[in-house]
Amino acid sequence: MPTWLIVVIVVVAVAVLGAVIWLVTQEMQRKRLRQRFGPEYDRAVEESDNPRAAQRELAERERRHKELDIRPLSAQARERYTQKWALVQEKFVDHPATAVEEADQVLVALMAERGYPTEGYEQQVQDLSVQHAKTLTDYRTAHATQQKRDGASTEDLRDAMVRYRTVFEDLLTDGSDERRHDDDRHDDDRHADDRHADDHERRNGHDHSGRDRADRHDADRGDTEKPERQASAQPRTEWNGGR
């Protein structure tokens, strides 16, 4: 086989291999972004003429999000915002349009407390999409209603409040579940240590469960006899319904 033919075959093979690797990498990137952004991925692709450009834009959102100092709320802050939201919901009964406007303001304040920039609505949406894509449609719909609140019906305003609450709860509890799971793991470890200690005592002949049961039986018997003696010393009366 001529040398030039071997060179051509090698070049073609390398090119094909490179193309395959590139396609596989792009497919993995597409799946990862779609899994992370959910409906927001489909929206970005639909609004863009080029799916690759949409993927680059979503990847840029991830990069920006990593640079933000996003932090969970403290217990005190969660309680404070919960009270604020309760007041807004109470106001909805008499002043629905004003309540929806204040709900938007509380939500923006909550974003700032978590560390999200709040310089503009579009940037808020992009920043939220990285970790809160599942409630982004609710935020967009509620915000659109809030912008035309004076011309919106009461039912539309009520729907906006419900959607704002969905986003509010998503932002309020984000980060607290992890601490709760850590606490549960610590509790499980502590219970496991207690069970291990009990097993160790039984293996070494220090099982006091029988004696403990006997002690509890004597105590229960004494507690039972004591009220009986006290009852016999009390005069018997009929229950008259509290009168």
Side-chain angles (χ1 to χ4, degrees), residues 29 32-44 47 54-92 95-149 157-187:
Q29 173 81 338
R32 185 187 66 79
L33 290 172
R34 190 164 195 170
Q35 181 178 6
R36 173 143 203 178
F37 287 93
E40 187 66 14
Y41 175 90
D42 297 330
R43 181 188 180 92
E47 293 180 350
Q55 292 176 13
R56 287 194 297 270
E57 197 272 330
L58 293 175
E60 176 61 23
R61 294 188 195 182
E62 287 185 313
R63 185 199 62 77
R64 172 184 165 86
H65 189 275
K66 290 179 181 179
E67 297 177 354
L68 300 178
D69 182 22
I70 306 301
R71 51 196 176 272
L73 293 176
S74 64
Q76 294 81 2
R78 286 198 303 273
E79 179 62 25
R80 185 173 73 254
Y81 277 100
T82 299
Q83 293 175 359
K84 286 184 178 181
W85 188 263
L87 294 175
V88 171
Q89 287 193 149
E90 291 177 3
K91 182 174 292 187
F92 184 86
H95 307 284
T98 302
V100 169
E101 181 181 7
E102 292 185 4
D104 185 85
Q105 294 171 357
V106 170
L107 197 59
V108 172
L110 177 55
M111 293 178 197
E113 185 97 8
R114 292 289 314 278
Y116 286 98
T118 56
E119 63 265 20
Y121 166 72
E122 291 299 333
Q123 190 60 59
Q124 292 172 15
V125 169
Q126 293 181 15
D127 292 336
L128 289 175
S129 67
V130 179
Q131 286 190 343
H132 301 277
K134 63 181 181 180
T135 59
L136 211 54
T137 299
D138 290 314
Y139 185 44
R140 281 195 174 99
T141 304
H143 183 77
T145 302
Q146 187 268 333
Q147 290 295 296
K148 60 174 184 179
R149 58 188 180 277
L157 293 171
R158 182 178 292 107
D159 178 73
M161 281 294 296
V162 172
R163 291 179 182 275
Y164 269 139
R165 181 179 179 84
T166 300
V167 184
F168 173 80
E169 291 177 345
D170 190 31
L171 278 167
L172 190 72
T173 59
D174 182 56
S176 62
D177 291 341
E178 182 177 350
R179 291 196 301 274
R180 213 163 33 240
H181 293 329
D182 290 341
D183 292 341
D184 292 341
R185 284 196 295 269
H186 292 326
D187 290 340

Under 4.0 Å between a side-chain nitrogen and a carboxylate oxygen: does that hold for [X] and [Y]?
| X | Y | value |
| --- | --- | --- |
| Arg63 | Glu67 | yes |
| Glu60 | Arg56 | no |
| Arg140 | Glu40 | yes |
| Glu79 | Lys84 | no |

For Glu119, what residues pass the salt bridge (charged side-chain N to carboxylate O under 4.0 Å, His left out) criterion, not counting sequence neighbours?
->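 Checked Glu119 against salt bridge (charged side-chain N to carboxylate O under 4.0 Å, His left out); matches are Arg64.
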With sequence neighbours excluded, residues passing salt bridge (charged side-chain N to carboxylate O under 4.0 Å, His left out) with Arg71 |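 Once residues adjacent in sequence are excluded, the partners of Arg71 under the salt bridge (charged side-chain N to carboxylate O under 4.0 Å, His left out) criterion are Asp69.
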Using ring pair (Phe, Tyr, Trp, His ring centres under 6.0 Å) as the criterion, list what pairs up with Tyr139, not counting sequence neighbours.
->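 Result, ring pair (Phe, Tyr, Trp, His ring centres under 6.0 Å) vs Tyr139: Tyr121.
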Distance-minimising heavy-atom pair for Met161 and Trp85 = O-CZ2, 4.0 Å
Which pair of heavy atoms, one from Ala99 and one from Val88, lies closest together, and at what distance?
-> O-CG1, 3.3 Å
Determine, stepwise, if the pair Asp138 / Val162 fulfils side chain to side chain contact (heavy atoms under 4.5 Å, CB included).
-> CA-CA 9 Å; Asp138 290 314; Val162 172; over 6 Å; no
Please identify each residue that fulfils side chain to side chain contact (heavy atoms under 4.5 Å, CB included) with Asp170, with sequence neighbours left out.
-> His132, Lys134, Thr135
Results of side chain to side chain contact (heavy atoms under 4.5 Å, CB included) for Thr98 - residues two or more places apart only | Lys91, His95, Glu102
Spacing of [X] atom [atom1] and [Y] atom [atom2] [to the nearest 0.5 Å]:
| X | Y | atom1 | atom2 | result |
| --- | --- | --- | --- | --- |
| Glu113 | Leu172 | CD | CG | 10.5 Å |
| Glu57 | Glu47 | CD | CD | 9.0 Å |
| Tyr164 | Gln89 | OH | CD | 14.0 Å |
| Phe92 | Leu157 | CZ | CG | 5.5 Å |
| Leu110 | Arg80 | CG | CZ | 9.5 Å |
| Leu107 | Arg165 | CG | CZ | 12.5 Å |

Excluding sequence neighbours, so at least two apart, what forms side-chain hydrogen bond (donor to acceptor under 3.5 Å, both in side chains) with Gln123?
->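 Per chain and number, Gln123 pairs via side-chain hydrogen bond (donor to acceptor under 3.5 Å, both in side chains) with Asp127.
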Minimum side-chain heavy-atom gap Pro96-Arg158 below 4.5 Å = no
Give a yes or no on whether the backbone of Ala142 and the side-chain of Arg163 come within a donor-acceptor separation of less than 3.5 Å.
-> no
